[in-house]
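For reference, the structure discussed in these notes is given below.
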Protein chains: 2
Amino acid sequence: MDKPQPDDLKDAGLKSTVPRLNILALFKSGQERHMSAEDVYKQLLAKGDDVGLATVYRVLTQFEQAGLLVRHYFEGGKSVFELNQGKHHDHIVCLQCGHVEEFYDADIESRQEKVATERGFAVHNHSLHIYADCNKKACPHKH
Amino acid sequence: MDKPQPDDLKDAGLKSTVPRLNILALFKSGQERHMSAEDVYKQLLAKGDDVGLATVYRVLTQFEQAGLLVRHYFEGGKSVFELNQGKHHDHIVCLQCGHVEEFYDADIESRQEKVATERGFAVHNHSLHIYADCNKKACPHKH
DNA sequence: GCGTAGATGATAATAGTTCTCATTTGCAAC
DNA sequence: GTTGCAAATGAGAACTATTATCATCTACGC
Ligand SMILES: [Mn+2]
Ligand SMILES: [Mn+2]
Ligand SMILES: [Zn+2]
Ligand SMILES: [Zn+2]
């Protein structure tokens with residue numbers, strides 16, 4: 001659909017290179033929305049793109065700093081990235097199948113802000129992860 | 001104050017041993033409420049308790065499973081433990097000094113439950129971490 | 001096309017955590 | 001109070017996720 005162009009990277013202050021375009025293309029392909037460095041690496045190799053793991057890690061961090069991607073620290077140790085689409089949201093993670101569902105609740109957001117400012121804190125960011133089971137019978141969410 | 005007794009461990013289904021009692025004592029001493037495995041290890045050594053790092057990791061996990069401790073995954077990679085006092089709460093972490101402040105907001109809690117059940121999920125647990133700055137001048141929270 | 005700053009990728013290094021296994025210890029039965 | 005043994009410990013190896021190093025390659029302005 002919308003294949004990334006060199007300018008997508010240049011506009012973000014990054015030189016246009018083959019690995020960067022491939023990584024951005026993978027996220028824009030929409031196959032999987034939330035991916036770890038390892039996920040990205042394997043998907044690229046599977047697709048025939050030749051890339052180094054170190055480059056994947058570097059580029060993901062650069063993309064995060066450039067605001068192209070958002071990083072999440074779910075339970076399990078490895079960080080997970082997703083395309084930054086401007087709209088903040090939180091996550092429900094299925095403990096059975098790993099499916100991730102997104103949500104936004106304005107009340108929760110404003111109450112968080114209230115709680116923090118009441119205590120004299122200036123909020124930078126927050127993470128709200130709900131860990132749950134989605135299974136009625138067998139996990140309906142394909143993974 | 002209330003030094004842990006062998007029965008504190010036995011009641012939790014764990015054999016009473018020196019390292020386990022020492023670790024539990026450290027958490028009950030209230031010096032620091034939120035500690036990583038490394039924190040616990042160093043504090044015990046500093047106090048003169050001879051213990052192995054592997055034992056600290058093992059015991060922390062056992063205590064978590066036994067419900068004596070709660071584990072948190074804050075940003076930064078390492079898990080952090082605190083005494084389980086029965087009352088769930090969430091956390092504000094100061095990005096400058098690392099100070100952790102606890103809070104509980106019933107509205108946030110109930111809205112989370114609502115959001116999850118509306119989507120067909122059965123909540124197991126959740127984590128809400130607010131990352132913020134506490135600094136008005138210099139960080140008031142000693143660390 | 002050239003030159004060069006910046007990017008890449010193989011690999012080494014690091015951090016946090018778990019595993020292995022020989023030794024020690026808690027505790028219950030004598 | 002000994003003894004026996006399953007369970008626990010601790011030193012170190014192994015593992016996983018990630019970052020650092022550095023020789024080679026490449027994008028791109030001239
Ligand atoms: Mn998301
Ligand atoms: Mn706490
Ligand atoms: Zn599921
Ligand atoms: Zn602070």
Side-chain angles (χ1 to χ4, degrees), chain A residues 4-26 34-66 68-69 71-81 98, chain B residues 4-26 34-66 68-69 71-81 98:
Chain A
Q5 299 301 314
D7 282 344
D8 291 331
L9 293 169
K10 300 222 176 107
D11 293 350
L14 295 165
K15 186 191 284 191
S16 166
T17 68
V18 171
R20 284 176 182 165
L21 287 169
N22 285 339
I23 291 172
L24 189 54
L26 177 59
H34 302 90
M35 285 182 284
S36 68
E38 190 75 25
D39 292 338
V40 170
Y41 179 62
K42 285 182 176 157
Q43 297 252 10
L44 290 181
L45 290 191
K47 185 151 66 100
D49 295 340
D50 205 359
V51 72
L53 182 55
T55 300
V56 170
Y57 273 101
R58 262 188 314 243
V59 170
L60 289 177
T61 298
Q62 291 159 350
F63 280 10
E64 182 197 12
Q65 286 164 350
L68 293 172
L69 296 179
R71 181 196 299 253
H72 302 293
Y73 302 88
F74 294 142
E75 287 183 9
K78 45 174 68 170
S79 4
V80 169
F81 298 81
Chain B
Q5 299 302 312
D7 282 343
D8 291 331
L9 293 170
K10 300 226 176 101
D11 293 350
L14 295 166
K15 185 190 284 191
S16 165
T17 68
V18 171
R20 283 175 182 163
L21 287 169
N22 285 338
I23 291 171
L24 189 53
L26 177 59
H34 302 89
M35 285 182 284
S36 68
E38 190 76 24
D39 293 338
V40 170
Y41 178 63
K42 285 183 178 157
Q43 297 252 12
L44 291 181
L45 290 191
K47 185 151 64 102
D49 297 340
D50 205 0
V51 71
L53 183 56
T55 300
V56 171
Y57 274 102
R58 261 187 314 241
V59 170
L60 290 177
T61 298
Q62 291 159 350
F63 280 9
E64 182 197 11
Q65 285 163 352
L68 293 174
L69 296 179
R71 181 197 299 254
H72 302 294
Y73 301 89
F74 294 143
E75 287 183 8
K78 48 174 66 170
S79 4
V80 169
F81 299 81

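Chain naming here is simple, since letters A, B, ... match the order of the sequence lines and numbering starts at 1 in each.
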Item to check | Selection residues 52-64 of chain B - residue pairs positive for salt bridge (charged side-chain N to carboxylate O under 4.0 Å, His left out), sequence neighbours left out | outcome: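 The answer is B:Glu64-B:Arg71.
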Checklist entry - Want to settle it: does B:Arg71 or A:Tyr41 sit nearer the 5' end of DNA chain C, counting the closest nucleotide to each? => result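 Nearer the 5' end of the strand: A:Tyr41.
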Checklist entry - Toward the 5' end of DNA chain C, which comes first, B:Gly76 or A:Leu53, by nearest nucleotide? => result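 That would be A:Leu53.
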Counting the atoms with a prime plus P, OP1 and OP2 as sugar-phosphate, which does [X] contact under 4.0 Å by heavy atoms, base, sugar-phosphate, or nothing?
| X | answer |
| --- | --- |
| A:Ser36 | nothing |
| B:Thr55 | base |
| B:Arg20 | sugar-phosphate |

Next on the checklist: Looking at A:Lys42, I'd like to know if its NZ atom is crowded, meaning that more than 12 non-hydrogen atoms belonging to other residues, nucleotides or ligands lie closer than 6.0 Å.
Outcome noted: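 At most 12 heavy atoms, drawn from other residues, nucleotides or ligands, come within 6.0 Å of this atom.
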Item to check | Nucleotide range of DNA chain D lying under 4.0 Å from chain A heavy atoms | outcome: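 Here the contact window of chain A covers D:dA17 to D:dC28.
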[X] versus [Y], closest heavy-atom pair with distance:
| X | Y | result |
| --- | --- | --- |
| A:Leu21 | A:Pro6 | CD2-N, 4.1 Å |
| A:Val56 | A:Ala37 | CG1-O, 3.6 Å |
| B:Arg20 | B:Leu9 | CB-CD1, 3.6 Å |

Next on the checklist: Has B:Asp8 got a side-chain atom pairing as donor or acceptor with B:Gln5's backbone, closer than 3.5 angstrom?
Outcome noted: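 Flag set: sc B:Asp8 to bb B:Gln5 pair under 3.5 Å.
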Next on the checklist: If we ignore hydrogens and angles and just use 3.5 Å, is the side chain of A:Asp39 paired with the main-chain N or O of A:Ser36 as donor and acceptor?
Outcome noted: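 Indeed, once roles are kept as given, a pair shorter than 3.5 Å links the two residues.
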Item to check | chain A contact limits on DNA chain C, taken 5' to 3' with a cut-off of 4.0 angstrom to heavy atoms | outcome: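 Range of nucleotides within reach of chain A: C:dG6 to C:dT11.
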Checklist entry - Taking the side chain as C-beta and beyond, is there a heavy-atom pair between A:Leu44 and A:Val40 under 4.5 Å? => result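 Counting from C-beta outward, A:Leu44 and A:Val40 do come under 4.5 Å.
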